[in-house]
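Okay, structure first, notes after.
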Number of protein chains: 2
Amino acid sequence: MDDPSDRLINIFGALSQAVSDRVRLAIAEAFNAGGETAAALIAIGHAPGMSIGQVRQTLRLSHAGAVRVVERLGEQGLVAKSPSPSDRRVVHVSLTSRGQVERTKLLGLRNAAVSELLSKVSADDRVVLERAADNILSSLFSDLHGGLAICRLCDQARCADCPVGHHRP
Amino acid sequence: MDDPSDRLINIFGALSQAVSDRVRLAIAEAFNAGGETAAALIAIGHAPGMSIGQVRQTLRLSHAGAVRVVERLGEQGLVAKSPSPSDRRVVHVSLTSRGQVERTKLLGLRNAAVSELLSKVSADDRVVLERAADNILSSLFSDLHGGLAICRLCDQARCADCPVGHHRP
DNA sequence: CGCAATATATGCGTCGCGCATACAATATCT
DNA sequence: AGATATTGTATGCGCGACGCATATATTGCG
């Protein structure tokens, strides 16, 4: 396969940057905590009962970073920690009802931001765009938590047949 | 036009995030300064003689932030400040030869990271992908420096007919 | 000339993060 | 079972990048 053209590389890179900038900005306006805090809220909502270590892997943070992210979310009353019954070292982190509400709000903001950009693409081209995205994302599948990292801002309930393949054995 | 499907929104958002994550990581491994410092190096190289204020707009930083970014690059010997002949308030920022070298290295890293991902897309689909990206990016054109912000990591010398349109009147 | 506007610089505080370390619980090995 | 290693979590500490408020210099305008 030929290498992609320099123009496509630059434009595709710029597009990706622009999209994530927009999402980041939209979330930052509505959520008073920076860094990976918003991503943590979304990811925890997707896999309720995650351990701190799983948060760490999903967000690619240090352990201390993961502890502090959960701490911040806890201070805002968005998540709660509960001890594991089987292993008393691990803490399970879940969303509170306020956390659920906040998470839904953030997902809506991301959805709106991305949707607005996609409205510039014709219906026919969207089919191809989706296939291209599927191909690239499925090539990135490594381990389960690496996959969760990629989808950390997704509304996975509304993403049938996720190409990153969390559901694989 | 119909709204894009939820699946496309999520996958496209995840793809964009994954691409910018990869680029960010590749650059962070090779460049010892975080935040928007690498983007500043690239952007200054594209528009040599930028003022601090233009840096501020391009990177969407506070004025103090822009001063500090240039300061950091200066400490590493990558950029140099020179007084403007016409207006003694403004400082022109340009790359040193070491800055040029470093910039080229970073551009290569970004190019490689994005190129590897695009290799998963068929030649036919790349044509459509490029059109879709053109359409989205051209819709984002606002002002000249907003455009530069979008392309802040691009190798604009290798991006003929940039859809963000810095070259427009 | 006096006053507002523009461009840059600096003091200060904040926030998110990583490193090193400490502590608790479980697993393993003999 | 007891000693040791391993795993999971928490904390002290410092750093780096950033914004806000403010200071200073230069320009433009009445």
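The structure displayed is predicted, hence computed values, not measured ones. Naming convention: chains lettered A, B, ... in sequence-line order (proteins, then strands); numbering from 1 in each chain.
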Residues 26-40 of chain B, side-chain donor-acceptor partners within the protein, below 3.5 Å, at least two apart:
from	atom 1	to	atom 2	distance (Å)
B:E36	OE1	B:R152	NE	3.4
B:T37	OG1	B:G34	O	2.6
B:T37	OG1	B:R72	NE	3.3
B:T37	OG1	B:R72	NH2	3.2

Step by step, work out the side-chain contact (heavy atoms from CB on, under 4.5 Å) result for A:S16 and B:L15. CA-CA 8 Å; A:S16 302; B:L15 174 64; 5.6 Å; no
Could you tell me whether B:V91 contacts a base, only the sugar-phosphate backbone, or nothing, with contacts defined as non-hydrogen atoms closer than 4.0 Å? sugar-phosphate
Whichever of A:L61 and A:S86 has the more 5' nearest nucleotide on DNA chain C, that residue is A:L61
So, B:Q156 side chain and B:C151 main chain: donor-acceptor pair closer than 3.5 Å or not? yes
Quick check on DNA chain D: between A:A64 and A:D87, whose nearest nucleotide comes earlier from the 5' end? A:D87
Closest nucleotide of DNA chain C for A:V69 versus for B:V67: which of these residues is on the 5' side? B:V67
Is the phosphate of C:dT26 approached by A:R88 (side-chain N or O, under 4.0 Å from OP1 or OP2)? yes
Rounding to 10 degrees, work out the angle separating the end axes of the helix from C:dC1-D:dG30 to C:dT30-D:dA1 (five pairs an end). 10°
Nearest-angstrom distance from the residue atom CZ of A:R24 to P of C:dG16: 13 Å
Could you tell me whether the phosphate oxygens of D:dG16, OP1 or OP2, come under 4.0 Å of any side-chain nitrogen or oxygen in B:R72? no
Applying side-chain contact (heavy atoms from CB on, under 4.5 Å) to B:D155 and B:R110, what does each step give before you reach the verdict? CA-CA 9 Å; B:D155 187 352; B:R110 171 170 122 130; over 6 Å; no
d(CD, B:Q54; P, C:dT8) in whole Å: 8 Å
For B:E36 and D:dG19, what is the distance between atoms CD and P respectively, to the nearest whole Å? 9 Å
Are any side-chain N or O atoms of A:T58 and backbone N or O atoms of A:L148, one a donor and one an acceptor, separated by less than 3.5 Å? no
Taking only the side-chain nitrogens and oxygens of A:K81, find out if one of them lies under 4.0 Å from OP1 or OP2 of D:dA10. yes
Starting at atom CZ of A:R68, determine the distance to atom C1' of D:dG12, rounded to an integer number of angstrom. 8 Å
Look at the side chain of A:R89 and the base of D:dT7, then say whether one donor and one acceptor between them are separated by less than 3.5 Å. yes
Using 4.0 Å as the upper bound for N to carboxylate O, is an ion pair formed by A:R131 and B:D124? no
For A:T37, answer base if it contacts any base atom (sugar-phosphate contacts may also be present), sugar-phosphate if it contacts only those atoms, and nothing otherwise; contact means non-hydrogen atoms under 4.0 Å. nothing
Under 3.5 Å: donor-acceptor pair, side chain of A:R98, backbone of A:L78: no
Among C:dT8, D:dG12, D:dC18, which is the nearest nucleotide to the side chain of B:V90? C:dT8
If you look at every strand shown and take non-hydrogen atoms under 4.0 Å, does B:A33 touch a base, only sugar-phosphate, or nothing? sugar-phosphate
